[in-house]
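Side chains included, hydrogens not; waters and symmetry mates left out as well; all remaining heavy atoms used.
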Amino acid sequence: MTPAMYVLERSLDAATLRQRTIAHNIANVNTPGFKRYEVSFEGQLRQALGLEPGLPLYRTDPYHLPVGGGDLTPAVIQDNTTTMREDGNNVDIDREMVDLAQNSLNFNFATQQLNTRLAMLRYVINEGRR
């Protein structure tokens with residue numbers, strides 16, 4: 001698996017987890033005291049791709065530990081800092097719908113990119129000798 005395919009796979013995992021998290025938030029929009037959850041992934045991705053400012057590190061040997069942790073694992077975190085209503089619930093249905101639409105776009109983009117890369121590999125394997 002190439003690094004780009006690994007990143008796309010992890011992006012799809014994060015989008016799937018985010019979809020479930022948003023559905024959970026929407027299901028509990030009227031639950032008193034419920035605090036919304038969100039998925040943290042893009043920060044890890046930016047750090048792994050070297051887009052975050054910081055000390056530039058490079059691996060000189062494949063057996064060295066990966067720079068920036070290397071493992072992209074989406075994390076679910078609970079937002080305990082805000083309150084939307086008197087009963088303590090902090091789910092904003094408009095925000096959840098916007099997050100849902102954005103997540104769908106991200107999922108479709110990652111799927112399309114992964115399919116393109118797999119089609120290129122399939123072409124090289126099947127048509128490379130002609």
With Pro74 as partner, the option from Thr21, Leu17, Thr16 fulfilling side chain to side chain contact (heavy atoms under 4.5 Å, CB included) is Leu17
Is Arg95 close to Met84 at the side-chain level, that is, under 4.5 Å between some pair of heavy atoms?
no
Would you give the length of the straight line joining atom CG of Leu45 to atom OG of Ser11, rounded to the nearest 0.5 angstrom?
5.5 Å
Side chain to side chain, Met97 and Ile26, heavy atoms closer than 4.5 Å:
yes
Is there a side-chain contact between Phe41 and Arg10 (heavy atoms, below 4.5 Å)?
yes
I'd like to know if the side chain of Asp13 and the backbone of Thr73 have a donor-acceptor N/O pair within less than 3.5 Å.
no
Worked verdict on Glu9 versus Leu72 for side-chain contact (heavy atoms from CB on, under 4.5 Å):
CA-CA 10 Å; Glu9 177 192 5; Leu72 295 172; over 6 Å; no
Does Arg36 reach the side chain of Asp99, with side-chain heavy atoms less than 4.5 Å apart?
yes
OG1 of Thr31 to CG of Asn89: how many Å apart, nearest 0.5 Å?
6.5 Å
At what distance, to the nearest 0.5 angstrom, does CG of Asn103 lie from CD1 of Ile22?
5.0 Å
Point-to-point distance, once rounded to the nearest 0.5 Å, from OG1 of Thr116 to CD of Gln112:
5.5 Å
Counting C-beta onward and ignoring hydrogens, is there a side-chain heavy-atom pair between Met5 and Leu118 closer than 4.5 Å?
yes
Contacts of Gln78 meeting side-chain hydrogen bond (donor to acceptor under 3.5 Å, both in side chains) (sequence neighbours excluded), chain-then-number -> Tyr37
If you take all heavy atoms of Val39 and Ala14, which pair is closest and at what distance?
CG1-O, 4.3 Å
The reported gap from CG in Asn25 to CD in Glu96 (rounded to nearest 0.5 angstrom) is 4.0 Å
Quick one: do Leu114 and Tyr6 end up in the same hydrophobic cluster if we chain Ile, Leu, Val, Met, Phe, Trp and Tyr together by side-chain heavy atoms under 4.5 Å apart?
yes
Short question: side chain of Asp87, backbone of Gly33 - any donor-acceptor pair under 3.5 Å?
no
Quick one: does Lys35's side chain have a donor or acceptor within less than 3.5 Å of a partner on Thr82's backbone?
yes
Approximate separation, where rounding is to 0.5 Å, of Arg18 CZ and Glu42 CD:
4.5 Å
Can Val98 be reached from Leu105 by stepping across I, L, V, M, F, W or Y side chains whose heavy atoms are under 4.5 Å apart?
no
Within-4.5 Å side-chain heavy-atom neighbours: Val91 and His24:
no
Answer yes if Leu100 and Val76 sit in the same cluster of Ile, Leu, Val, Met, Phe, Trp and Tyr residues linked by side chain heavy atoms under 4.5 Å apart, and no otherwise.
yes
